[in-house]
Amino acid sequence: MQQNYLDGLNDSQRKAVEHINGPLMIVAGAGSGKTKVLTTRIAHLIRSGVDSFRILALTFTNKAAAEMKERIGHILGNSEARNLFIGTFHSVFAKILRVEADKLGYPRNFTIYDTDDAKSVIKTILTELNLDDKSYKPAFVLNRISAAKNALIGPAEYAEDRLIRQEDERSNRPLIHEIYKRYAIRCYRNGAMDFDDLLFKMYELLVRFPEVLSKYQNKFQYILIDEYQDTNTSQYQIIKMLGAVHENICVVGDDAQSIYSFRGATVQNILQFKDDYQDVNVVKLEQNYRSTQSILNVANRVISNNKNQIEKSLWTDNGTGEKIRIVRTMTDNDEGRYIADTISEMKLRYHYANKDFAILYRTNAQSRAFEESLRKKNIPYKIYGGLSFYQRKEVKDMLAYLRLIVNPRDEENIKRVINYPVRGIGKTSLDRMLIIAGEHNIPLWEVMHNPVGAGLKGAAAAAVENFVIMIKSFQTSLEKDNAYDIAFNAGKHTGLVRELYNDKSVEGLARYENIQELLNSIKEFTETPDEEGELTDKSLGSYLQQITLLTEVGKEDDENQDVVRLMTIHAAKGLEYPCVFSVGLEENLFPSTMSLYDREGLEEERRLFYVAVTRAKERLWITYANSRYRFGNLVSNEPSRFLDEIPSEYSETAYTGTAGNQQRPSFGPRFAQKEQSFEKVPSLKQLADKLQKNTSTAAHTPSADFAADDPAEIQKGMKVEHQKFGFGQVLTIEGSSNNPIATIDFGAGHGQKKIMLFYAKLRIVR
DNA sequence: TTAACTTATGTTTTT
DNA sequence: CATAAGTTAA
């Protein structure tokens with residue numbers, strides 16, 4: 001263990017670290033060494049004799065949890081650090097719920113639904129209720145339900161709440177309470193919890209089972225919570241219950257960086273912490289070690305426009321530094337080009353590396369212009385966020401099989417894979433079984449054990465039986481085999497891997513590789529040693545529960561990868577870079593249109609801007625475009641109101657991309673026009689193609705006595721008549737017996753066509 | 001059944 | 001514009 005861990009702390013940091021018993025609130029300004037204090041404090045607790053098994057540290061993101069683990073490992077050595085309970089709210093509660101699942105009537109291997117899973121459940125409920133998914137958009141409905149859960153409002157309370165019901169009625173969606181009710185029932189029946197349930201059910205568990213509550217109250221003698229300003233009501237209540245016995249609760253946060261209210265977070269939690277406990281110790285970390293004076297000045301001035309803050313004044317010992325540059329460009333593409341140029345220039349002039357730069361934007365969609373410009377200049381970059389690996393179709397398919405094996409109670413997975421790869425269980429068979437399941441209120445999986453009883457005939461019934469036998473064979477090995485072995489076998493015997501392997505298209509290849517990557521990550525999971533001793537295991541069930549809570553695939557430590565980082569400001573929270581570009585500072589984009597209804601919304605946008613500014617250590621650029629492409633057409637926006645809040649003495653302004661000073665000045669305008677005309681007017685070729693298609697299809701009039709023959713009778717070499725293509729000769733018949741495909745030569749007018757015999761009507765010419 | 005085609009629709013932010 | 005969802009033809 002490091003001896004000198006207390007060295008190098010300033011007075012307030014040291015005060016926070018050395019506080020041991022009783023509630024503690026650390027107000028940590030941006031760049032004030034928050035993580036250092038948190039990790040050192042944990043080390044100090046252990047140093048002072050606290051049992052490492054009895055410390056719980058909750059973070060908001062996986063990244064923060066990983067960083068904390070690593071840094072504590074450095075101070076204490078990994079063997080001691082391993083005993084700590086560190087993780088996100090969601091992952092820690094998932095682990096506890098897994099242990100206590102039976103009390104709530106859930107299987108130990110309950111499925112965790114991500115947002116897509118949740119939306120598809122809502123979709124099935126919408127069809128059940130005969131509601132159209134236009135006014136009841138699944139995303140909207142889910143948001144409503146999510147907000148309710150985060151406020152600890154269950155389906156029954158939701159239905160009884162006059163105010164909520166009024167809101168729904170006013171927005172013309174009066175039946176959301178009914179959807180919520182069914183959604184909850186459906187999730188329960190499926191043995192599944194969504195993200196919000198991990199909090200909601202945790203709360204329920206503690207309330208309904210006092211012995212469980214006291215078990216965890218006693219276990220967790222010390223509780224630390226990071227990013228306290230981003231906690232929501234359910235998290236707040238859970239913490240309150242868990243900490244009630246020892247009251248050794250330490251919260252760390254910065255109200256100026258509260259940016260997750262859309263997830264139900266409420267700044268009130270941090271603003272009122274002092275009133276929740278008696279004798280709360282408050283420590284403010286106000287010295288900033290990250291940024292130059294100029295950057296900090298801008299940040300302070302901007303945030304001072306918000307009301308209702310915990311009073312604090314950030315200061316720094318660092319030098320004044322460069323002025324902030326505010327840059328206007330003509331379009332979003334110019335913005336991209338300007339930034340790529342600037343990065344090149346900075347690298348040349350000041351010897352920065354690629355990894356010293358970050359481009360921060362409000363929405364993921366903005367990344368495209370930067371991708372293009374960076375690629376053009378051969379600057380390596382990495383985009384964070386966007387659609388995750390686990391959201392890809394092929395990965396979800398594979399995971400659906402694994403989830404099905406572990407939790408057959410969840411019919412969502414069955415529906416997804418029952419006929420993929422194709423095994424002759426069509427929509428009709430599935431629907432029939434679903435109806436039976438609904439009528440008798442039993443799981444679909446049960447119905448599938450007796451397909452004949454559900455009214456399925458020969459081939460279909462046999463296919464279902466085989467499917468059940470196959471899944472069961474994987475289940476029998478659940479106990480003895482680890483996650484990887486089962487996943488490998490499942491990929492093989494379900495035919496999923498072969499299906500992807502046989503697809504030789506570019507996308508098909510990528511999909512196959514993704515499955516291999518997934519299998520590798522499962523292997524990695526099985527081979528890395530346990531982290532939290534008693535609660536982790538290497539079973540498939542354990543793997544699946546953590547995987548849904550993971551955003552990125554755990555790969556090489558990208559910290560040192562020499563690439564420019566592109567990410568949303570939300571994703572950048574907690575990070576820092578020497579050079580930061582905060583882009584797209586335009587009204588309706590940043591601040592976003594959605595936030596302009598009320599003061600709170602706007603203030604949150606401002607905090608977001610504050611977060612962006614305070615990521616920068618040395619240099620900061622703030623850019624905006626006169627106009628940018630949105631939904632395919634050029635839209636012009638006013639400069640963001642936040643720009644007016646930046647004092648001119650700390651900044652300088654520049655313009656680029658104005659007409660006439662581009663790289664192709666001589667025939668720039670003409671060239672641009674030409675390009676445009678090519679894009680807007682439908683091309684002659686397209687028109688010609690259309691015309692030809694129309695004329696050539698105006699073809700064959702079927703014979704008066706036209707009647708389709710049984711496709712089974714059609715043989716190679718026969719002459720046939722097609723309703724549209726006229727007469728032709730069968731050249732070959734291929735494909736399987738339940739989907740024969742014939743190649744037929746229809747002569748000059750149509751040439752050779754591939755025709756599926758079961759669907760095209762053909763008359764045999766005898 | 002499935003692939004190709006047309007049409008609608010959307011941009012916050014994430015566990 | 002870019003993708004998902006819905007439609008239609010084979």
Side-chain angles (χ1 to χ4, degrees), chain A residues 58-65 87-94 112-115 118 123 133-134 137 139 143 146 150 193-199 227 230-232 234-235 258-265 332 360-369 384-388 390 393 419-420 422 424 426-428 546 548-552 567-573 584 588-596 601 604-605 607-608 611-612 628-635 679 693 697 722-725 735-736 738-744 750 753-762:
Chain A
L58 295 171
T59 67
F60 197 61
T61 63
N62 294 303
K63 202 164 29 175
T88 63
F89 280 91
H90 295 266
S91 71
V92 167
F93 294 168
I112 297 175
Y113 281 162
D114 66 18
T115 313
K123 269 186 214 152
D133 57 2
K134 283 211 171 105
K137 285 190 192 112
N143 261 329
S146 168
N150 286 327
M193 297 193 198
D194 64 18
F195 287 141
D196 305 308
D197 282 332
L198 294 176
L199 309 178
E227 309 280 16
D230 288 327
T231 50
N232 61 34
S234 60
Q235 288 162 329
S258 162
I259 54 175
Y260 280 97
S261 72
F262 68 93
R263 264 177 59 182
D332 46 356
L360 309 182
Y361 34 76
R362 178 68 244 264
T363 65
N364 278 308
Q366 285 167 260
S367 69
R368 231 203 37 208
Y384 288 80
L387 76 153
S388 110
Y390 299 104
K393 183 188 172 295
N419 202 32
Y420 180 77
V422 184
K427 195 177 180 304
T428 329
Q546 55 126 53
T548 317
L549 300 172
L550 238 53
T551 346
E552 295 248 344
M567 65 189 96
T568 64
I569 300 165
H570 282 88
K573 193 164 76 157
N588 299 324
L589 178 62
F590 194 12
S592 139
T593 326
M594 318 291 297
S595 71
L596 298 175
E604 178 148 323
E605 293 288 299
R607 290 193 294 267
L608 197 53
V611 169
R628 69 174 60 238
Y629 281 93
R630 254 186 154 180
F631 302 130
N633 34 0
L634 206 57
V635 182
E679 287 196 291
K693 214 175 170 186
T697 342
H722 183 273
Q723 276 181 301
K724 270 189 189 152
F725 299 143
S736 61
N738 50 0
N739 186 26
I741 300 165
T743 308
I744 301 173
H750 300 279
K753 298 261 176 204
K754 291 205 170 189
I755 296 206
M756 291 181 178
L757 295 181
F758 285 171
Y759 301 99
K761 296 184 186 90
L762 289 175

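Within every chain, numbering begins at 1; the chains are lettered A, B, ... in the order of the sequence lines, protein sequences first and strands thereafter.
- Residues A/Leu608 and A/His570 meet the side-chain proximity criterion, which asks for heavy atoms closer than 4.5 Å.
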Restricting both atoms to N or O, compile the protein contacts to nucleotides 8-10 of chain B shorter than 3.5 Å, with distance only.
unit_1: B/dT9; atom_1: OP1; unit_2: A/Lys134; atom_2: NZ; d: 3.4
unit_1: B/dG10; atom_1: OP1; unit_2: A/Lys137; atom_2: NZ; d: 3.0

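- Toward the 5′ end of DNA chain B lies the nearest nucleotide of A/Gly426, the other residue of the pair A/Thr115 and A/Gly426 mapping further downstream.
- Considering only heavy atoms from C-beta on, A/Leu360 comes within 4.5 Å of A/Met567 through its side chain.
- No donor-acceptor pair under 3.5 Å is formed between the side chain of A/Arg628 and the backbone N or O of A/Asp332.
- For the pair A/Tyr260 OH and B/dT15 P, the computed distance is 6 Å after rounding to whole Å.
- Distances were taken from every side-chain heavy atom of A/Thr363 (C-beta onward) to each of B/dT2, B/dT11, B/dT14; the shortest belongs to B/dT11.
- Remark: A/Arg263 pairs with no residue by the salt bridge (charged side-chain N to carboxylate O under 4.0 Å, His left out) rule, at least two apart or across chains.
- Residue A/Arg368 places its side chain closer to C/dC1 than to any other of C/dC1, B/dT2, B/dT15.
- Look at CG on A/Asn232: it is 19 Å from P on B/dT13, rounded to the nearest Å.
- A/Leu589 has its CG atom 9 Å from the C1' atom of B/dT11, to the nearest Å.
- By the 30° and 60° cut-offs, the orientation of the rings of A/Phe262 relative to A/Tyr260 is tilted.
- The side chain of A/Lys123 lies closest to C/dA5 when the candidates are C/dA5, B/dT14, B/dT15.
- By the 4.5 Å heavy-atom criterion applied to side chains, A/Asp197 and A/Tyr113 are not counted as neighbours.
- Distance CZ (A/Phe93) to C1' (B/dT15): 12 Å, rounded to an integer number of Å.
- In this entry the distance linking CZ of A/Arg263 with P of B/dT13 reads 13 Å, nearest Å.
- Considering only side-chain N and O atoms, A/Ser91 lies nowhere under 4.0 angstrom from the phosphate OP1 or OP2 of B/dT15.
- Atom OH in A/Tyr361 sits about 17 Å away from atom P in B/dT11, given to the nearest Å.
- For the pair A/Asn633 and C/dC1, the criterion of a side-chain N or O lying under 4.0 Å from OP1 or OP2 is not met.
- A/Thr593 comes within 4.0 angstrom of nothing in the nucleic acid, heavy atoms only.
- Per the geometry, CG belonging to A/Asp196 stands 11 Å off C1' belonging to B/dT14, to the nearest Å.
- Looking at heavy-atom distances under 4.0 Å, A/Phe60 makes contact with sugar-phosphate atoms alone, never a base.
- Side-chain contact between A/His90 and A/Leu199 is present, with at least one heavy-atom pair separated by less than 4.5 Å.
- Ranked by how close their nearest DNA chain B nucleotide is to the 5' end, A/Arg630 and A/Val422 are led by A/Val422.
- The OH atom of A/Tyr113 sits 21 Å away from the P atom of B/dT15 (whole-angstrom rounding).
- The two residues A/Leu589 and A/Gly584 make their nearest non-hydrogen contact at CD2-O, 3.6 Å.
- Residue contacts shown for A/Phe590 are absent, as no nucleic acid heavy atom lies under 4.0 Å away.
- A distance of about 15 Å separates the P atoms of C/dA4 and B/dT13, rounded to the whole Å.
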